[in-house]
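Read the structure below first, then the notes.
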Amino acid sequence: MGSKISTGCKSLSGTSVASPVVAGVVCLLVSIIPENKRKEILNPACMKQALVEGAAKLAGPNMYEQGAGRVDLLESYEILKSYQPRASIFPSVLDYTDCPYSWPFCLQPLYAGAMPVIFNATVLNGMGVIGYVHSPPVWHPSNEEGNLLSIRFTYSEVIWPWTGYLALHMQIKEEGAHFSGVIEGNVTVRVHSPPAQGERAVRTSTCVLKLKLNVVPTPPRSKRVLWDQFHSIKYPPGYIPRDSLDVRNDILDWHGDHLHTNFHIMFNMLRDAGYYIETLGSPLTCFDASQYGTLLMVDLEDEYFQEEIEKLRDDVINTGLGLAVFAEWYNVDTMVKMRFFDDNTRSWWTPVTGGANIPALNDLLAPFGIAFGDKILNGDFSIDDEQSRYASGTDIVRFPRGGYVHSFPFLDSSESGATQNFLLNSGMNKADSPILGLLEVGEGRIAVYGDSNCLDSSHMVTNCYRLLRKILDFTGSNIKDPVLFSKSVKQDMPLYEDDNHLSSRRTDVNFSMYSAVLGKDLICRTDSRFEVWGTKGYNLHIRGRNRKLPGYDVIDLGRGLNSTIDTSNSRRPKFTVKNKGDYFGNRYLG
């Protein structure tokens with residue numbers, strides 16, 4: 001609430017009105033400290049400590065929506081008037097049983113074998129502008145069960161200015177695979193600051209973070225889904241365009257493309273359906289495929305290491321990993337037309353990729369005989385009695401014989417589709433475009449769909465959560481929906497388009513500036529399992545020769561499967577196909 005320009009009061013919402021209110025609170029809090037003591041007591045850290053520790057937690061919103069809660073001037077006053085310089089951790093309590101405040105963590109318990117659950121806390125140092133953490137933080141379990149929790153820490157060894165971070169990477173040990181219950185304890189970290197003026201002793205403070213975690217037995221493999229976050233390029237490193245080209249007032253893909261942001265409704269739905277969803281923030285070599293029913297790849301923009309392509313092929317064919325891919329549009333002519341001049345940076349912005357990086361996805365899917373095209377399709381359709389909207393999705397142009405492919409009549413809105421649309425408007429029927437494909441390959445199962453807008457809550461017209469559940473039933477448990485696997489959509493002949501119908505990479509963009517792959521080292525980061533931190537990952541193939549997979553024919557793609565590729569070039573070499581009859585989809589899967 002604030003005053004109107006004329007008379008009376010009015011209500012406003014947002015950071016524009018919250019910031020001046022908090023600034024006014026800070027001014028009032030400063031005024032309670034005698035002027036001769038302000039310089040020795042007041043600093044940004046102690047003020048933030050008073051604000052967050054005095055705030056009132058709200059009942060509805062989660063921690064990322066409300067932070068510490070609603071500011072409370074009087075509570076903050078009580079804290080500040082008797083303040084002694086100290087360091088603290090915010091939040092001071094991490095209770096993963098407290099819903100909805102601790103969403104998304106309270107929605108999915110911890111269990112053995114999972115990717116680490118990571119939480120970033122803030123260290124506030126009210127003792128001085130600079131502080132030091134000389135020894136690692138320590139986990140103090142409150143009972144014997146607490147020893148089942150393994151925590152690694154990454155943190156600021158130097159806290160400057162006034163603040164630092166403490167990240168907890170939490171895993172349940174293998175001996176806790178059958179444990180069900182709550183684990184409690186404290187994390188402590190000691191912060192040291194130089195003595196203040198007139199003091200001789202170093203200032204020292206012990207920060208405490210109370211921890212409470214819910215743990216369940218390791219779920220069955222079929223119910224475990226791994227979400228690929230590593231290959232998602234987030235705005236603002238480059239111009240990553242929106243996924244639905246119908247949305248004209250939101251030109252950038254800046255919502256994070258994360259399970260806990262614009263895919264949070266999908267995340268909640270999958271949890272309600274009994275699935276456990278983990279996040280992969282490292283390359284595809286950094287997870288153990290035998291632990292997961294499905295690898296879920298949605299709206300991805302980055303490239304792939306050659307080792308990732310090889311391992312995924314092995315994971316699906318030999319290890320029985322399910323693969324579900326939701327792609328997006330990619331059309332170079334359309335991307336060129338989307339170039340614009342930005343007044344803020346005084347430079348031209350051009351899309352560095354499409355809604356998804358289809359040329360890279362096609363490289364990843366080539367060992368299975370699957371590829372997407374460069375159409376941009378729009379229209380309404382119905383599948384399995386579910387009405388859906390296809391919003392700027394792409395088409396499937398290669399799919400092996402024996403698979404199941406669903407096609408629907410759509411308009412192509414890409415620049416290259418303009419001629420086709422002119423002919424359609426002249427009275428011709430819309431051509432059917434393949435958009436959904438399902439396939440059994442070796443021990444594994446694959447499902448590909450050309451659009452992700454039906455999962456993304458940012459600009460969703462209709463959702464396809466029911467279709468997603470049926471896809472995961474297939475990829476994870478080999479449960480086949482009778483409509484999706486109708487004999488009428490089974491491919492007697494392979495779907496095959498020549499190379500000139502496949503999307504090509506842009507040659508006028510230095511993609512390595514935005515990529516976590518091109519020009520980078522393959523390494524498992526601190527968001528992967530502890531045993532592969534700093535390594536290249538699990539079960540890497542020996543490079544330079546074609547390794548036969550036991551029980552399955554060698555797939556000859558015209559060069560050694562493990563041959564080296566120069567990823568510094570913006571255009572990757574394509575898999576060589578001698579002729580249509582030799583194509584992998586015919587010879588291997590057929």
Side-chain angles (χ1 to χ4, degrees), residues 104 107-118 170-174 176-177 215-232 258-259 263 266-267 269-271 273-298 300 304-305 307-326 364-365 367-368 438-449 455 468-479 524-525 527-533 535-540 549:
L107 207 60
Q108 181 164 300
L110 278 72
Y111 47 86
M115 290 289 169
V117 172
I118 304 171
M170 297 174 282
Q171 285 182 190
I172 300 300
K173 298 175 183 176
E174 291 305 314
V215 182
V216 296
T218 303
R221 179 189 185 188
S222 61
K223 288 296 184 182
R224 292 179 63 181
V225 176
L226 188 63
W227 169 272
D228 182 359
Q229 190 65 37
F230 177 75
H231 295 96
S232 176
H258 192 279
L259 286 172
F263 288 98
M266 181 200 74
F267 171 76
M269 179 278 300
L270 290 177
R271 284 296 300 122
Y275 285 97
Y276 292 80
I277 311 97
E278 301 169 33
T279 302
L280 177 67
S282 291
L284 300 180
T285 57
C286 302
F287 78 97
D288 179 2
S290 66
Q291 299 291 313
Y292 299 94
T294 302
L295 174 65
L296 182 55
M297 309 183 76
V298 179
L300 300 177
Y304 300 88
F305 291 103
E307 292 92 337
E308 293 182 283
I309 297 174
E310 294 160 10
K311 178 177 178 290
L312 184 63
R313 171 186 175 274
D314 192 22
D315 287 344
V316 173
I317 293 174
N318 258 18
T319 314
L321 176 70
L323 176 62
V325 178
F326 286 74
L364 186 72
L365 297 173
F368 310 111
L438 303 117
L439 175 72
E440 292 183 84
V441 49
E443 297 291 328
R445 293 163 292 279
I446 299 174
V448 294
Y449 187 69
L455 301 177
L468 174 62
R469 288 198 300 270
K470 291 178 183 296
I471 285 175
L472 295 179
D473 285 345
F474 167 62
T475 55
S477 304
N478 202 17
I479 298 172
C524 298
R525 305 177 178 186
D527 48 17
S528 50
R529 295 279 300 170
F530 296 164
E531 61 262 27
V532 294
W533 277 22
T535 72
K536 290 183 179 292
Y538 297 93
N539 305 330
L540 283 187
L549 298 176

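Only a predicted model underlies this, so the values are computations on that prediction, with no experimental measurement involved.
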For [Y], does its backbone N or O pair with a side-chain atom of [X] as donor and acceptor, under 3.5 Å?
X	Y	result
Thr294	Gly322	no
Glu307	Thr285	no
Ser282	Arg525	yes
Arg313	Pro367	no
Arg224	Gly476	no
Gln108	Ile277	yes
Glu308	Pro283	no
Arg221	Tyr292	yes
Lys223	Gly274	no

Which heavy atom in [X] sits nearest to a heavy atom in [Y], and how many Å separate them?
X	Y	value
Tyr276	Pro109	CE2-CD, 4.3 Å
Ala177	Ala112	CA-CB, 3.7 Å
Val316	Arg445	CG1-N, 4.4 Å
Met115	Leu280	CE-CD1, 3.8 Å
Phe326	Ile471	CZ-CD1, 3.9 Å
Leu321	Ala289	CD1-O, 4.1 Å

Rounded to the nearest 0.5 Å, how far does [atom2] of [Y] lie from [atom1] of [X]?
X	Y	atom1	atom2	result
Gln291	Thr218	CD	OG1	7.5 Å
Tyr275	Met269	OH	CE	9.0 Å
Leu110	Gln171	CG	CD	9.5 Å
Leu312	Asp228	CG	CG	9.5 Å
Asp473	Lys470	CG	NZ	7.5 Å
Glu443	Asn318	CD	CG	7.5 Å

Practice prompt. Begin from the C-alpha positions of Ser528 and Trp533 and carry the test side-chain contact (heavy atoms from CB on, under 4.5 Å) through to its verdict.
Written response: CA-CA 6 Å; Ser528 50; Trp533 277 22; 3.7 Å; yes

Practice prompt. Please state whether the rings of Phe305 and Phe230 are parallel, tilted or perpendicular, taking 30° and 60° as the class boundaries.
Written response: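 Answer is parallel, since the angle falls under 30°.
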
Practice prompt. In plain terms, say whether Arg529 and Glu174 are close enough for a salt bridge, that is, a side-chain N and a carboxylate O under 4.0 Å apart.
Written response: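 Yes.
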
Discussion item. Within the 3.5 Å criterion, strictly below it, is a donor on Tyr538 or Glu531 matched to an acceptor on the partner's side chain?
Written reply: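 Present: a donor and an acceptor within the cut-off.
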
Worksheet entry | Identified side-chain contact (heavy atoms from CB on, under 4.5 Å) counterpart of Trp227 within the set Val298, Leu270, Leu295 |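 Only match with Trp227 under side-chain contact (heavy atoms from CB on, under 4.5 Å): Val298.
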
Discussion item. Any heavy-atom pair between the side chains of Val532 and Phe287 that's under 4.5 Å?
Written reply: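 With C-beta onward as the side chain, the pair stays apart.
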
Discussion item. I want to check something: taking the side chain as every heavy atom from C-beta on, are Gln229 and Leu259 in contact at a cut-off of under 4.5 Å?
Written reply: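 When only atoms from C-beta onward are counted, Leu259 and Gln229 do not touch, as no gap falls below 4.5 Å.
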
Item to complete: Determine, stepwise, if the pair Thr475 / Leu323 fulfils side-chain contact (heavy atoms from CB on, under 4.5 Å).
Response: CA-CA 6 Å; Thr475 55; Leu323 176 62; over 6 Å; no

Worksheet item: Going through the distances and angles, do Leu284 and Lys311 end up as a side-chain contact (heavy atoms from CB on, under 4.5 Å)?
Response: CA-CA 7 Å; Leu284 300 180; Lys311 178 177 178 290; 5.6 Å; no

Discussion item. Run Asn478 and Glu440 through side-chain contact (heavy atoms from CB on, under 4.5 Å) and show every step you take.
Written reply: CA-CA 9 Å; Asn478 202 17; Glu440 292 183 84; 3.8 Å; yes

